[in-house]
Amino acid sequence: VADSLTKILKADKRVKSVTAFLGMASPRFHMTYAPEPTPTNAYAQFIVITESENATKEMMNEYPKKYENYFPIAQIRFKQMDYQIVNAPVEYYIKGDDYETLSAISDSIMTFMRKDPNLFYVHSDFDESEEFIQVVLDAEEATRLGVTQSTLSVYLAGSLTGSSIVSLWEGSYNLHTTVYTEGVHEIDYEGLGDMLIPTAKPGEWVPLRQVATLTPMFKHTNMPHRNGMKCITVAADVVPGAGQLNEFGKIDEYIDYHLNIPDNVIIDKGGSMAVTNETMPSLLMAILAAIVVMFVVLIIHYAKIGISILSLSVSVLCVFGATFGLWMFGLDMSVTAMLGVISLIGIIVRNAIIMYDYAGELRAKEHVSVHQAAYEAGLRRMRPIFLTSATTALGVIPMILAKTLLWEPMGVVICFGTILTFPLVVTVLPVAYCLAFDAGERDKKFFNRINLRFLKRLDKRDERNEKRNKDLSR
């Protein structure tokens with residue numbers, strides 16, 4: 001299988017080199033790539049280098065559908081190197097008390113997932129099974145011949161699996177040497193029943209079927225558990241360009257509306273969703289800490305709470321641009337996308353500071369009204385805000401063109417956030433400034449009018465008193 005797959009890969013003109021690790025562990029050369037930790041004869045890994053990023057994407061769209069089940073005796077998985085720290089982006093943990101019930105539920109979920117064109121390599125850790133022969137001793141006959149469960153197990157293990165009796169070294173390599181019973185590799189079900197086993201009587205050997213009942217059966221090679229509970233993991237890979245959150249939503253809808261889940265069965269999400277749920281609280285705390293730090297800096301800069309709160313509140317304008325960019329590129333709100341949101345909040349607040357500083361300067365030096373100051377600030381600061389937004393958006397375009405799961409979400413959030421937020425910044429910020437400070441200015445004018453009227457009344461009263469005093473003096 002490994003040789004055939006190597007020839008298929010090397011025959012593709014898009015492939016530059018193929019490195020195969022057959023029956024052995026491969027070196028760890030990538031940050032999040034976890035190779036097979038221990039050598040095994042039933043496992044092979046291939047490191048394939050293509051001529052370009054586009055060639056890799058083309059092969060990832062073509063090869064899984066064509067060669068995933070190409071070999072009947074092997075299971076092949078094609079995976080592009082990325083920075084995801086999960087084994088599979090889509091995973092579901094099905095926990096309960098009975099493997100039979102869990103297997104039925106997992107089979108239903110896998111059947112639905114295999115119908116989804118955006119998913120491939122749909123599998124579970126309960127798929128693999130192997131043939132075995134159950135040997136049950138006949139208590140009466142075994143007791144008569146002196147054959148016990150332990151002696152029979154030791155003899156069969158030594159005869160069928162071989163015994164290591166010598167260590168042979170070639171330089172610094174240990175060559176494993178095992179001695180097998182003659183013809184053991186060709187033995188079948190009938191031959192195992194005819195196999196002679198020793199009894200308690202010296203020199204007396206009897207066929208195995210005389211003292212035991214042999215039953216051919218199948219059993220699962222893995223009985224998985226998770227946190228002390230029986231658990232079957234259903235996993236799948238997502239084709240490039242398809243949103244992982246969308247796939248989770250489809251599967252959740254199928255589980256909620258089409259499956260009758262018993263009360264003693266628990267279904268949890270794993271994969272990228274589990275990583276996101278695990279890291280999101282810390283990211284939200286980071287956003288909150290960034291907002292607090294910016295608020296403190298604004299308080300120090302303006303020495304006023306009102307303008308500081310207004311400058312900080314305009315950061316919500318970035319939500320529309322960020323979500324629109326992620327939706328247009330079919331990306332999920334990942335960890336790097338949240339980091340992009342944090343950067344975008346700082347950019348929006350900086351634009352607010354540029355505009356509000358100029359408006360405050362106009363009101364302080366030229367004594368213009370709030371409306372005039374807001375209008376002039378929006379008009380005069382439009383160009384520098386546009387230039388900074390444009391340069392920021394252009395600066396992250398290489399991150400978008402890289403098309404990697406690590407950098408693309410951050411680049412999309414910053415690029416679309418700055419571009420689509422610019423019209424809102426030059427329109428909403430001046431209006432918000434007017435609404436916030438125009439009321440205060442009106443109150444100030446109102447109190448000034450009241451004070452002026454009060455002073456005029458006092459002057460009139462003083463004039464009347466002065467006139468009265470003059471009349472009395474006469």
Side-chain angles (χ1 to χ4, degrees), residues 31-32 50 52-62 64-65 78-86 88-91 116-121 236-253 269 271-277 279-280 283-284 286-287 315-348 386 388-425:
M31 182 183 300
T32 59
T50 60
S52 65
E53 289 277 349
N54 293 331
T56 301
K57 294 176 183 178
E58 291 174 0
M59 294 182 65
M60 284 301 301
N61 289 326
E62 173 187 344
K65 300 176 183 178
F78 295 90
K79 180 176 175 61
Q80 183 179 0
M81 290 295 177
D82 51 37
Y83 288 92
Q84 289 189 336
I85 58 176
V86 293
V90 176
E91 283 185 342
D116 192 337
N118 294 329
L119 299 178
F120 66 97
Y121 189 60
D237 289 334
V238 182
V239 298
Q244 298 175 5
L245 292 180
N246 293 334
E247 301 306 318
F248 274 108
K250 295 178 185 178
I251 301 172
D252 289 342
E253 182 179 356
K269 299 176 186 177
S272 61
M273 181 67 73
V275 174
T276 301
N277 293 335
T279 57
M280 196 59 68
L283 284 176
L284 293 177
I287 294 177
S315 60
V316 298
L317 298 177
C318 69
V319 175
F320 170 72
T323 54
F324 178 79
L326 292 175
W327 171 78
M328 196 173 77
F329 278 77
L331 300 173
D332 301 321
M333 182 57 74
S334 61
V335 175
T336 53
M338 290 297 296
L339 296 177
V341 171
I342 297 176
S343 303
L344 193 57
I345 290 175
I347 295 171
I348 303 303
F386 170 75
T388 55
S389 300
T391 53
T392 302
L394 292 175
V396 297
I397 286 180
M399 300 170 63
I400 301 176
L401 297 179
K403 293 293 183 180
T404 62
L405 291 176
L406 179 65
W407 300 116
E408 186 180 10
M410 180 186 294
V412 168
V413 167
I414 296 176
C415 181
F416 281 83
T418 53
I419 292 176
L420 298 181
T421 306
F422 170 73
L424 300 177
V425 167

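Throughout, residue positions are numbered sequentially from 1 according to the sequence presented. Both backbone and side-chain heavy atoms feed into the values below; hydrogens, waters and symmetry mates do not.
Considering all non-hydrogen atoms of both residues, Leu326 and Pro409 come closest at CD2-O, 4.3 Å. Residues Ala236 and Pro89 come closest through the heavy atom pair O-CD, 3.6 Å. Residues Val413 and Gly340 come closest through the heavy atom pair CG1-C, 3.7 Å. Of all the heavy atoms in Thr323 and Val319, the pair that sits closest is OG1-O, 2.8 Å. Taking each heavy atom of Pro398 and Gly395 in turn, the nearest pair found is CD-O, 3.5 Å. For the residue pair Met399 and Met410, the shortest heavy atom distance occurs at CE-SD, 3.6 Å.
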Next item on the list: Test side chain to side chain contact (heavy atoms under 4.5 Å, CB included) on Leu119 and Val239 and set out the steps.
Entry: CA-CA 6 Å; Leu119 299 178; Val239 298; over 6 Å; no
Note to self: Run the side chain to side chain contact (heavy atoms under 4.5 Å, CB included) test on Ile251 and Lys269 for me, step by step, so that the C-alpha distance in whole Å, both residues' side-chain angles and the decisive distance to 0.1 Å come before the verdict.
What the structure shows: CA-CA 10 Å; Ile251 301 172; Lys269 299 176 186 177; over 6 Å; no
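In this structure, the side chains of Phe248 and Val90 come closer than 4.5 Å at one or more pairs of heavy atoms. Pro64 places none of its side-chain heavy atoms less than 4.5 Å from the side chain of Asp237. Taking the side chain as every heavy atom from C-beta outward, Thr336 and Glu408 never approach each other to under 4.5 Å. Contact annotation: the side chain of Ile414 approaches that of Ile347 to within less than 4.5 Å [non-hydrogen atoms, C-beta and beyond]. In this structure, Met338 and Ile287 have side chains that are in contact, with non-hydrogen atoms separated by less than 4.5 Å. Side-chain contact between Ile345 and Ile342 is absent, with no heavy-atom pair separated by less than 4.5 Å.
For Phe386, the ring-ring contact (aromatic ring centres under 6.0 Å, His included) test picks out Phe422, with sequence neighbours left out. Taking the ring-ring contact (aromatic ring centres under 6.0 Å, His included) definition, one finds that Phe120 meets it with nothing, sequence neighbours left out.
Phe324 and Trp327 have tilted rings, their planes meeting at an angle from 30° to 60° on a 0 to 90° scale.
Separating the CG atom in Leu394 from the OG atom in Ser389 is a distance of 10.5 Å, to the nearest 0.5 Å.
For the pair Glu253 and Lys250, the salt-bridge criterion is not met [side-chain N within less than 4.0 Å of a carboxylate O].
The side-chain contact (heavy atoms from CB on, under 4.5 Å) test with Thr392 singles out one residue from Thr418, Leu344, Ile419, and that residue is Thr418.
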